[in-house]
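The structure under discussion appears below in the form of structure tokens.
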Amino acid sequence: MELAFAGWSGILILLMYGAIMLGVGVATYWKNRNVHESLDEYYLGGRGLGVMVLFFTFFATQYSGNTVIGYPPTAYRMGYEYLVSVPYFILIIMVYLLFAPRMYLMGKKYKLLTPVDWIEKRFKSKPVSILAAILMLYALGNYLLEQFVAIGQGVAGLTGGTIPYQVGVVFFIVIMLIYGWLGGMRSVAYTDTMQGIALLFGVFMLLIGSIIYFGGLPNAADYMQAYSPEKLGVPDGPGAVNWFSLLVLVGIGAAVYPHAIQRIFSAKSEKTLKKSFTQMAWMPFLTAGVVFIVGIIGIAAFPDLSTAESEKLVGMLASAIANQHVIFYWAMVLLFGGVIAAIVSTADSVLLTFSSIVSNDLYGRYINPKASENKKILVGKLVGVAAVVLLVIIAWFPPATLYQIFVLKFELLIQVAPAIILGLYWNRLHPKAVFTGMLVGTVLASFMTFANITPLGIFSGLWGLLVNLLICVIGSLFMSVSVAEKEEADQVVGM
């Protein structure tokens, strides 16, 4: 089969989308030249993102390269059990609605820049803030690694190997660093809008083409009935418990993504934020649901793929469909660029938040409190570049599938949820109890993860979170709070 994006056509598509992203960065830089002098402007877009831009930047945050490139292969390997991927995103939105409006008000009132800013303001505890920052940086680094692997696999799959995995990784990381360095949050948000529109159109055309040329779900069901009946079934009791635990792990973990919380701070108003979430409510079905179906169709379209081969399923489907008709060719071109742009812009938003935690919460607060905002931004950028170089070395030969990388980061990130969410509503939450709970939960989740211990099929991060919550609540109830501390907590929480 002649590959649709082989040779110079694939390279030209890469160059075109790279040029567009660079153009966004340069245009944003010239329009907002003070971006390098203001933390608010560089990291939060001046706290002025409107409904459409905010919606698409939330969309890009939640539906990253892992969704489009990683979810169909997982559905291919697991079958209908992976239908749980759709409720992931529904639960994420539910958790957002639990705390996002109140978090926005706190961010506006206290000029918060990062989620660590909120934790520092709420608990006035250096140990709590530093531990939370470390956990967030770990999760962000893990997420960046996931995006780098997705870039390489996306480019290699969509070009049929014409552009090697490593070349795709390096090329787009260089693009990402340049336009992110120039434009900050505004560059990321505008690029998110561009890629979101292309991605949605391309994904639906991929689904339509898969149904037309590979027979759709009925054909896939017939094939599975004959050759892989286990992929048609629902999980047994232990499997259902594992389903539910992963649902909770992802739902809470993704809602407390540091870069997602920064987008809450970036909203122009509370009304803007709520409108964006209202629109996001439809996206689990229109995005995660669609790519799940694509993965199921792939079972019959490309049977008996190995795990490594299945990781390139989306590229294989796109190339096959593009060869059938000129309309689908250009639709897959749009999908090709949208997927890569989505991955790159997601990676850039993660890197931006990584840099902000380093520059504002570690360097600016504890190492050099007298540093100018310009210097803080520069330090954050340089540390971010160093982290990218290290992660590129790791991504050169990816250590796990995208699904495994995706799950790993939540085990530890979820341990900051009590401090972030419970701290918004309960003024008696004690700093010492929060620190102890977060530390014990992290150690327990890490030990269980490395020892591969999952009692009752429940993920280690949830066991850590359970112990974490118990320590936070019981410890806070028994620890004495001074009158001054209580008054200050009342003032911050607003109770």
Side-chain angles (χ1 to χ4, degrees), residues 4-5 9-10 12-21 23-24 50-72 75 85-86 89 147 150-151 153-155 157-159 172 188-214 216-217 276 278-298 301 313-346 349:
F5 306 119
S9 60
L12 289 174
I13 294 168
L14 281 175
L15 293 175
M16 178 184 71
Y17 274 89
I20 291 173
M21 287 185 281
V24 170
V51 174
M52 181 179 177
V53 175
L54 189 65
F55 163 76
F56 275 111
T57 196
F58 266 119
F59 173 73
T61 297
Q62 298 303 329
Y63 301 92
S64 65
N66 183 68
T67 309
V68 179
I69 299 297
Y71 278 33
S85 60
V86 177
F89 297 100
Q147 301 311 306
I151 289 171
Q153 290 177 343
V155 171
L158 289 166
T159 61
F172 276 104
V188 174
Y190 297 153
T191 307
D192 287 346
T193 302
M194 173 195 76
Q195 60 85 4
I197 294 171
L199 191 63
L200 282 173
F201 177 78
V203 165
F204 272 95
M205 291 301 290
L206 176 64
L207 174 63
I208 293 170
S210 298
I211 292 173
I212 292 174
Y213 296 111
F214 296 112
L217 289 177
S276 296
T278 300
Q279 295 172 359
M280 283 290 291
W282 297 97
M283 302 317 294
F285 306 100
L286 299 180
T287 304
V290 169
V291 296
F292 166 79
I293 295 173
V294 167
I296 296 298
I297 293 174
L313 177 65
V314 173
M316 296 166 67
L317 285 167
S319 290
I321 292 168
N323 278 314
Q324 304 301 321
H325 195 280
V326 66
I327 293 177
F328 283 108
Y329 176 86
W330 288 109
M332 292 306 99
V333 168
L334 197 61
L335 172 66
F336 175 65
V339 165
I340 302 304
I343 299 169
V344 175
S345 62
T346 299
S349 68

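- Applying the side-chain contact (heavy atoms from CB on, under 4.5 Å) criterion to Leu207, with sequence neighbours excluded, gives Ile211, Val290, Ile293, Val294, Ile297.
- Atoms CD1 and OG, from Ile296 and Ser210 in turn, are 12.0 Å apart once rounded to the nearest 0.5 Å.
- In plain terms, the two heavy atoms of Gly295 and Ala75 that are nearest each other are CA-CB, 4.2 Å.
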Fill in: Stepwise side-chain contact (heavy atoms from CB on, under 4.5 Å) check, Leu206 with Val314
CA-CA 9 Å; Leu206 176 64; Val314 173; 4.2 Å; yes
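- A side-chain contact (heavy atoms from CB on, under 4.5 Å) with Thr287 is found for exactly one of Val86, Val203, Leu200, namely Leu200.
- You'll find the side chain of Met205 stays beyond 4.5 Å of the side chain of Trp330, heavy atoms only.
- A distance of 14.5 Å separates CD1 of Ile321 from OH of Tyr329, quoted to the nearest 0.5 Å.
- Residue Met332 holds its CE atom at 9.5 Å from CG of Leu317, rounded to the nearest 0.5 Å.
- Applying the side-chain contact (heavy atoms from CB on, under 4.5 Å) rule to Ile212 yields the partners Ile208, Phe328; only residues at least two apart in sequence or on another chain are considered.
- Annotation: side-chain contact (heavy atoms from CB on, under 4.5 Å) contacts of Met16 (sequence neighbours excluded): Ile20.
- Counting all heavy atoms, side chain and backbone alike, Leu313 lies closest to Gly298 at CD1-CA, 4.2 Å.
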